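Computed from a predicted structure; not experimentally measured. Order of the sequence lines fixes the chain letters, A, B, ..., with proteins taken first and strands second; residue numbering starts at 1 for each chain.
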2 protein chains.
Amino acid sequence: MTSDHLSRTGFRRAALGRRTGCNIETIRYYENIGMMPDPPRTAAGYRVYDETHVSRLRFILRARQLGFSIEEIRGLLGLVDSGSQTCAEVKERTERHLADVRARIADLARIERVLSETVTKCSGENVPECPVLEALTPRPVLA
Amino acid sequence: MTSDHLSRTGFRRAALGRRTGCNIETIRYYENIGMMPDPPRTAAGYRVYDETHVSRLRFILRARQLGFSIEEIRGLLGLVDSGSQTCAEVKERTERHLADVRARIADLARIERVLSETVTKCSGENVPECPVLEALTPRPVLA
DNA sequence: CCTACACTCTGTAGTAGCTACAGAGTCAAG
DNA sequence: CTTGACTCTGTAGCTACTACAGAGTGTAGG
């Protein structure tokens, strides 16, 4: 690695992955779908990253950790990139996402309740009859 | 539709879909991946279903509603099909799945907490500064 | 100078669980 | 004999990655 090819602060994909905890294939994926900018290249075609890429990737990763979809993140990044973001707009988007998260929790909580209630009815013995299987086997409509 | 081709109780894909609330493409998908048996066919190649298919499909759909994965359902069906199911075995599998559901709830609850706490800090005004964006923008390590 | 090794490049395929479509065939009723 | 509703098949699309093959690059050690 010569300092001709990588500027004093530049580094490559593996280093970006190491600094952010991101899989290096994922970095390329984010570039392909336009979430990360196409970085400059060395003469040999190697990507060269700097601190701006670290920041942007961390933003994306943190948003993913908070359950934002790629499209939601793309929207947030678009606002920030254009400098047109306002707290009002971001708050609204976050509240929409939050509603979605709460809906998913409600779904899972319903599942959790049914499963845990059913499982308590299980004898846990070596018999073929099982309340779980009965719950999965809908009874005839008229019986 | 002649009664030569469809036995007295037989019906086709759209009818099976209607009776179970299942998308007809999904039925074919379950057959392709071996969750549903290949049904008999008419001379023209049309699938012919009966009540056994209704039961099995309802089992699958109900299990999906309870969050079981296709592979988990395949396992349960395998037990039932071989007649070797015991309450002990089914209970164990259900508890493993339940643990998974609870882990997913915990993940989402953590997300919900962070998002809702952050959103309460939002002024919601037409200013560019936003606590949500700050939460997504990791501060420098030494500052 | 050569080789070994670590890294990078690209395109592509696989994961889960469906869902949808194109283009062809079938069947019964009007 | 046409219309319309159904069916058939293979295949592609969706989300968000992850992994691999096969080729190229750059550097350190011998």
Side-chain angles (χ1 to χ4, degrees), chain A residues 1-6 10-36 38-49 53 57 60-75 77 97 100-101 104 107 111, chain B residues 1-6 10-36 38-49 53 57 60-75 77 97 100-101 104 107 111:
Chain A
M1 188 190 306
T2 67
S3 36
D4 287 346
H5 287 153
L6 252 49
F11 42 87
R12 292 186 304 204
R13 234 164 79 205
L16 181 56
R18 239 177 287 120
R19 270 157 174 266
T20 56
C22 186
N23 183 311
I24 66 165
E25 298 283 24
T26 303
I27 296 168
R28 187 163 66 108
Y29 171 69
Y30 287 153
E31 288 169 9
N32 284 340
I33 65 171
M35 301 282 290
M36 290 284 290
D38 286 347
R41 304 280 185 132
T42 65
Y46 287 10
R47 292 167 179 81
V48 181
Y49 298 103
H53 298 97
L57 183 51
I60 295 170
L61 294 173
R62 186 92 183 95
R64 289 292 299 132
Q65 280 172 10
L66 291 177
F68 285 98
S69 72
I70 293 289
E71 284 315 308
E72 286 168 332
I73 298 169
R74 199 193 293 281
L77 286 170
H97 171 53
D100 192 74
V101 170
R104 282 194 275 159
D107 275 356
I111 289 172
Chain B
M1 185 190 307
T2 66
S3 37
D4 287 346
H5 289 153
L6 251 50
F11 42 87
R12 292 186 303 204
R13 233 164 79 205
L16 181 56
R18 241 177 284 120
R19 271 159 174 267
T20 56
C22 185
N23 184 309
I24 67 165
E25 298 282 24
T26 304
I27 296 168
R28 186 162 66 107
Y29 170 71
Y30 287 153
E31 288 169 10
N32 284 340
I33 64 170
M35 302 281 289
M36 290 284 291
D38 286 348
R41 304 280 184 132
T42 66
Y46 287 9
R47 292 166 178 82
V48 182
Y49 298 103
H53 297 98
L57 183 51
I60 295 169
L61 294 173
R62 187 95 183 94
R64 289 293 298 132
Q65 280 172 10
L66 290 178
F68 284 99
S69 72
I70 293 290
E71 285 314 309
E72 286 169 332
I73 298 169
R74 198 194 294 281
L77 285 170
H97 171 53
D100 192 73
V101 170
R104 283 194 275 159
D107 275 357
I111 290 172

In whole angstrom, give the distance that lies between atom [atom1] of [X] and atom [atom2] of [N].
{"X": "B/I24", "N": "D/dT7", "atom1": "CD1", "atom2": "C1'", "result": "8 Å"}
{"X": "B/L61", "N": "C/dT19", "atom1": "CG", "atom2": "P", "result": "10 Å"}
{"X": "A/F11", "N": "C/dA6", "atom1": "CZ", "atom2": "C1'", "result": "19 Å"}
{"X": "B/E25", "N": "D/dT11", "atom1": "CD", "atom2": "C1'", "result": "11 Å"}
{"X": "A/L16", "N": "C/dC9", "atom1": "CG", "atom2": "P", "result": "11 Å"}
{"X": "B/M36", "N": "C/dG17", "atom1": "CE", "atom2": "C1'", "result": "16 Å"}
{"X": "A/I60", "N": "D/dA16", "atom1": "CD1", "atom2": "C1'", "result": "13 Å"}

Side-chain donor or acceptor of B/H97 paired with backbone N/O of B/L66 under 3.5 Å: yes
Per B/R13 side chain, nearest of listed nucleotides C/dT26, D/dC17, D/dT9: D/dT9
Of all the nucleotides listed (D/dT18, D/dC8, D/dT7), which has the minimum atom distance to the side chain of B/R41? D/dC8
Using atom types as modelled, flag every donor-acceptor pair under 3.5 Å from a side chain in residues 24-33 of chain A to any protein atom, sequence neighbours excluded.
unit_1	atom_1	unit_2	atom_2	d
A/E31	OE1	A/R47	NE	2.8
A/E31	OE2	A/Y49	OH	2.5

Ordered by number, residues from residues 66-74 of chain B within less than 4.0 Å of DNA chain C (heavy atoms) are B/S69, B/I70
Contacts to DNA chain C from residues 27-35 of chain B, heavy-atom cutoff under 4.0 Å, which residues? B/R28, B/Y29, B/Y30
Please tabulate, one pair per line, each protein N/O and nucleotide N/O from nucleotides 2-5 of chain C that are separated by under 3.5 Å, including the distance.
none

Taking all non-hydrogen atoms of both residues into account, name the closest pair between [X] and [Y] and its distance.
{"X": "B/M35", "Y": "B/I73", "answer": "CE-CG2, 3.5 Å"}
{"X": "A/L57", "Y": "A/C22", "answer": "CD2-CB, 4.0 Å"}
{"X": "B/L61", "Y": "B/T20", "answer": "CD1-O, 3.6 Å"}
{"X": "A/R104", "Y": "A/G67", "answer": "NH2-O, 3.9 Å"}

Would you compute the distance between atom CZ of A/R64 and atom CD1 of A/I70 and round it to the nearest 0.5 angstrom? 5.0 Å
Just how far is it from atom CZ of B/R13 to atom OH of B/Y46, taken to the nearest 0.5 Å? 11.0 Å
Less than 4.0 angstrom between a side-chain N/O of [X] and OP1 or OP2 of [N], yes or no?
{"X": "B/T26", "N": "C/dC18", "answer": "no"}
{"X": "A/N23", "N": "D/dA19", "answer": "yes"}
{"X": "B/R47", "N": "D/dT9", "answer": "yes"}
{"X": "B/R64", "N": "C/dC18", "answer": "yes"}

Which residues share a side chain to side chain contact (heavy atoms under 4.5 Å, CB included) with A/A15, sequence neighbours left out: A/F11, A/R18
Contacts of A/R62 meeting salt bridge (Lys or Arg N to Asp or Glu O under 4.0 Å) (sequence neighbours excluded), chain-then-number -> none
